[in-house]
Each structure stands twice: as structure tokens, then as C-alpha cells.
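Here's the structure we're looking at; comments come further down.
Basis for what follows: all heavy atoms, side chains included, without hydrogens, waters or symmetry-related copies. Note that the numbering runs from 1 along the sequence shown for the chain.
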Amino acid sequence: MKKLDKIVREPIFFERNRVYRIYKGGMPYKELFNDGFDDGTDNMFPEEWIASKVKAINPKYFGERDGVSKIKDTDVFFDDLLNEYKDELLGHRKYDCLVKFLDSAVRLPFQVHPTKEFSRKNFNSEYGKTEAWLVVATRPGGKLYFGFKDKMTKERLSELEEQSEIEKDIMGGLLAGVDAKVGDIWLIKAGLIHAIGAGCTIVEVQEPTDFTIQPERWCGDYHISYNEEYIGLDKDVALDAINYDIYGEEAKAYAKVVPTVEIDTEKYKKEVMISYEDTPCFAEVRHTITDGGEFTMAFAPAVYICLDGDAVITGENYTKEIKRGDYFYLPFVAEGKFKISSKTKATIIECLPSKQD
């Protein structure tokens, strides 16, 4: 207990948290994380869920609470810690986002996520699944897809979904693709049909659910069951989650986000990648520090990822070195009490929960 009392007042680190999906990926993680956990091959655990309190929805399970993070060097699940230490970890605020790395060796099924209203009605949840992608690495030919190429109707989509049983990639040809480029930022609001193509490594920030409707029968050689496609919903109901009014070039423009530079000095640059004006669901900030530059972690709860380089976290009686691939959760009581600096250069991604009242 005394150990946890100390942990909840400092940056909280986690065990690796790989999550099973129906697609293969993960080859770049060996270099990205460089901690001996990965062997450099693609497998069925292509996602690393970060500071997660969310349980994965899967056709098969591999642990007591798949998807939920464990505190580093303990057997304590993060959702339990949040419940036991609400004052220290949350204060009067909410931590209501999910952050993850994902890497695709194949095109993911084309899919849509529900709005809050759809989730309230059909899943008894206050959260949909608006999400944002930051492209951090690509393989040759990596693409992302946003919206149908042409106008689509629910009735025609239902017919094509049935055809996909025999014509495996018929759905992939329906979507409008763009080349995946490192550094690009995309906001996929609930209701927008989309897919991640083969060869993309992404940091994703999203609402804290795993609600994914994927009306396609195949993912590579994996046959998707009816229940997996529609996550327990009737097909007619599930297909209503799609916004059929946004397609073509409009869909790509709808998803594209350009970061705003707030601070730009010789040793420190702050860019807002996703703002609360873009979506009230979460926010995302990129900090770049060089040659002794530093910044104070001024808001909590929040999640921080060292995306590149090496840095040091400092606070009262606290020093911890971090490197590329490291991540942590900053508790409410730690707000404004810790700094991150780098003698060389580091890129730090800050992921913030929904807009607070």
C-alpha cells in the first residue's frame, strides 16, 4: 500500500500492454520500443494500449482483463488504481480517452465508430469513438482511407457486404485513399467510414471505448464473423452508424488537421495537433525540446509519450530518464510539479482527456 501511495503522486509507468486484434502488424515495434519485448515480426498483437482502463472487445481473450494496463512492476490494474485513488489520480476531473500505438501489416477492415448518441441508444454508453491518428512510421505503399469515393446508400452497402464473402477486397475499392506520411494528423469523427491500409504505424487518441462496426467479411485471410462485424447489433441498426453524406474529396478534407504552433523558441516548440475546437472529446499536443530545453507538465490527468530521442523527467526528489517508446500517466496531484528536459533532442506527445467543465 505504501508503494502505491507513492506511485500515485508521480508519473505512472506501465507494463507492456499488447492487445489481440484480427489483423497482423507490429514489426516496427522492435526498433520503436527497443526493450527486448518484440522480435521484429508481424503478429496478431499489433496494438499497444497506453494507460488504458478500457477492456478490449475480442473474439478470443488472453488475460484477465485484455486491454487494461498494469502498473509497472506490480499486479495492479489501472482501472482498479483509478477507483481506489480517485482524488490523487483524477481530482475533480475525468480521464476519458484511450491512447494506443497500432501498426498494420495488412489493410484493416473498413469500419465506422458510433457517435455518443448512437452509443447511448445501443450500448448504454456515454462515449462513442471519435479518434485521431498521428502517423509515426510507414512501410512502402502505406495508405489511409477516409470516406467512400462516391455517394453510397445503406441499401447498396448492405448488398456489397454480402458480396464481400466471395469478393474479398470489394470493399477496399470503395474508399478514398491517401498516401500515409510521417507527421500527418487526421481526425476521424464518429460516423466517418475509414480504414488503415497496410504499412502504417500510428499513435491513436480516441474516446474510451472499443466500439467498431466493420461491415466486411474478410481481413486478409481472417474471416470476420457476423457478430464481429456488427458487435452484437442487428445489421440494419449497425449500418445506421455511418454518415453517408460525406464522401470523395470532402471526406479527406473533413479528416485532415493542420497543427497550430503556440510556442517556437530556439530550444522549445509547442504544437497543438488536436484542439478542443476540433473535438471536445480529447486534445493532443506535440512538444519538441532541444539542447537543454524544457517544459512543465501543466495539466493533469494526461498521458505523455516519448516519441523520439531521450529526455529526463524531474521533480522534487525525483529524476527519471525516458527514451523513445516510453510513456506514462501524469496524476492530477502531480500537475505542474514535474518538468521534461533534453540535453540533445526529444519529441514528446501529450494526450489530454475531454474538455473539462
Quick one: are [X] and [Y] in side-chain contact, heavy atoms under 4.5 Å?
X: Glu167; Y: Leu160; value: no
X: Val178; Y: Asp184; value: no
X: Phe299; Y: Arg93; value: yes
X: Ile349; Y: Met273; value: yes
X: Thr153; Y: Tyr244; value: no
X: Pro28; Y: Val136; value: no
X: Phe295; Y: Ile263; value: no
X: Arg286; Y: Leu307; value: no

Cation-pi check, Lys72 to Phe14: give yes when NZ or CZ is under 6.0 Å from the six-membered ring centre and within 45° of the ring axis, no otherwise.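 The answer is no, since Lys72 fails at least one limit relative to Phe14.
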Can a cation-pi geometry be assigned to Lys320 and Phe338, taking NZ or CZ under 6.0 Å from the six-membered ring centre and within 45° of the ring axis?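 Not satisfied by the 6.0 Å and 45° rule.
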Ser225-Asn227 side chain donor-acceptor pair, cut-off 3.5 Å: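 No pair is found: no donor N or O on one side chain lies under 3.5 Å from an acceptor on the other.
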Ignoring hydrogens and angles, tell me if any N or O in the side chain of Ser104 forms a donor-acceptor pair with the backbone of Cys200 under 3.5 Å.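 Yes, Ser104 side chain to Cys200 backbone: donor-acceptor pair under 3.5 Å.
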With hydrophobic residues grouped by side-chain heavy-atom distances under 4.5 Å, do [X] and [Y] end up in a single group?
X: Val257; Y: Val285; value: no
X: Phe328; Y: Ile305; value: no
X: Ile188; Y: Leu108; value: yes
X: Ile224; Y: Ile196; value: no
X: Tyr23; Y: Phe45; value: no

Shortest non-hydrogen contact between [X] and [Y], atoms and distance:
X: Ile50; Y: Tyr327; value: CG2-CD1, 3.3 Å
X: Glu216; Y: Gly172; value: OE2-N, 4.3 Å
X: Trp49; Y: Ser69; value: O-OG, 3.6 Å
X: Arg65; Y: Asp79; value: NH1-OD1, 2.9 Å
X: Ala51; Y: Val303; value: CB-CG2, 3.8 Å
X: Ile170; Y: Gln163; value: CD1-NE2, 3.5 Å

Are more than 12 heavy atoms, taken from residues, nucleotides or ligands other than Lys151, located less than 6.0 Å from that residue's NZ atom?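 For Lys151, atom NZ is crowded (more than 12 foreign heavy atoms under 6.0 Å).
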Atom pair [atom1] ([X]) and [atom2] ([Y]), whose distance is rounded to the nearest 0.5 Å:
X: Gln356; Y: Lys94; atom1: CD; atom2: NZ; answer: 6.0 Å
X: Ile322; Y: Ile348; atom1: CD1; atom2: CD1; answer: 4.5 Å
X: Glu284; Y: Ile185; atom1: CD; atom2: CD1; answer: 7.0 Å
X: Gln111; Y: Leu192; atom1: CD; atom2: CG; answer: 11.0 Å
X: Ile57; Y: Thr212; atom1: CD1; atom2: OG1; answer: 7.5 Å
X: Arg120; Y: Glu126; atom1: CZ; atom2: CD; answer: 4.5 Å

Tyr329, Phe332, Tyr95 screened by side chain to side chain contact (heavy atoms under 4.5 Å, CB included) with Leu89, the one that passes: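 Exactly one pass, corresponding to Tyr329.
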Test salt bridge (charged side-chain N to carboxylate O under 4.0 Å, His left out) on Asp240 and Lys154; report intermediate values, then the result. CA-CA 8 Å; Asp240 282 338; Lys154 176 181 172 181; 2.8 Å; yes
Ser158 vs Lys235, test: side chain to side chain contact (heavy atoms under 4.5 Å, CB included). Steps then yes/no. CA-CA 8 Å; Ser158 180; Lys235 177 180 179 179; 2.9 Å; yes
Under the criterion side chain to side chain contact (heavy atoms under 4.5 Å, CB included), I'd like the reasoning laid out for Ile231 against Phe123: C-alpha separation, chi angles, the key distance, then a yes or no. CA-CA 10 Å; Ile231 49 176; Phe123 301 120; 3.6 Å; yes
Should Glu262 and Lys270 be marked as a salt bridge (charged side-chain N to carboxylate O under 4.0 Å, His left out) after you check the CA-CA gap, both sets of side-chain angles, and the distance that decides it? CA-CA 6 Å; Glu262 282 198 351; Lys270 177 182 179 182; 3.4 Å; yes
Which pairs pass side chain to side chain donor-acceptor pair (under 3.5 Å) with one or both residues in [range], sequence neighbours excluded?
range: residues 303-315; value: Tyr304-Glu350
range: residues 27-37; value: Arg16-Asp35
range: residues 188-205; value: Asp103-Thr201, His113-His194, Glu131-His194, Trp133-Glu204

Test log, rule side chain to side chain donor-acceptor pair (under 3.5 Å), inputs Tyr127 and Asp96: CA-CA 9 Å; Tyr127 296 102; Asp96 53 358; 3.2 Å; yes
For salt bridge (charged side-chain N to carboxylate O under 4.0 Å, His left out), just list the numbers for Glu229 and Arg217, CA-CA rounded to whole Å, side-chain angles, deciding distance to a tenth of an Å, and then say yes or no. CA-CA 8 Å; Glu229 284 189 69; Arg217 299 285 176 89; 3.3 Å; yes
Do Phe110 and Tyr145 make the cut of ring centroids closer than 6.0 angstrom?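 No, too far apart.
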Could you go through Asp179 and Lys143, starting from their C-alpha distance and side-chain angles, then the distance that decides it, and tell me whether this counts as salt bridge (charged side-chain N to carboxylate O under 4.0 Å, His left out)? CA-CA 5 Å; Asp179 292 333; Lys143 284 187 175 295; 2.7 Å; yes
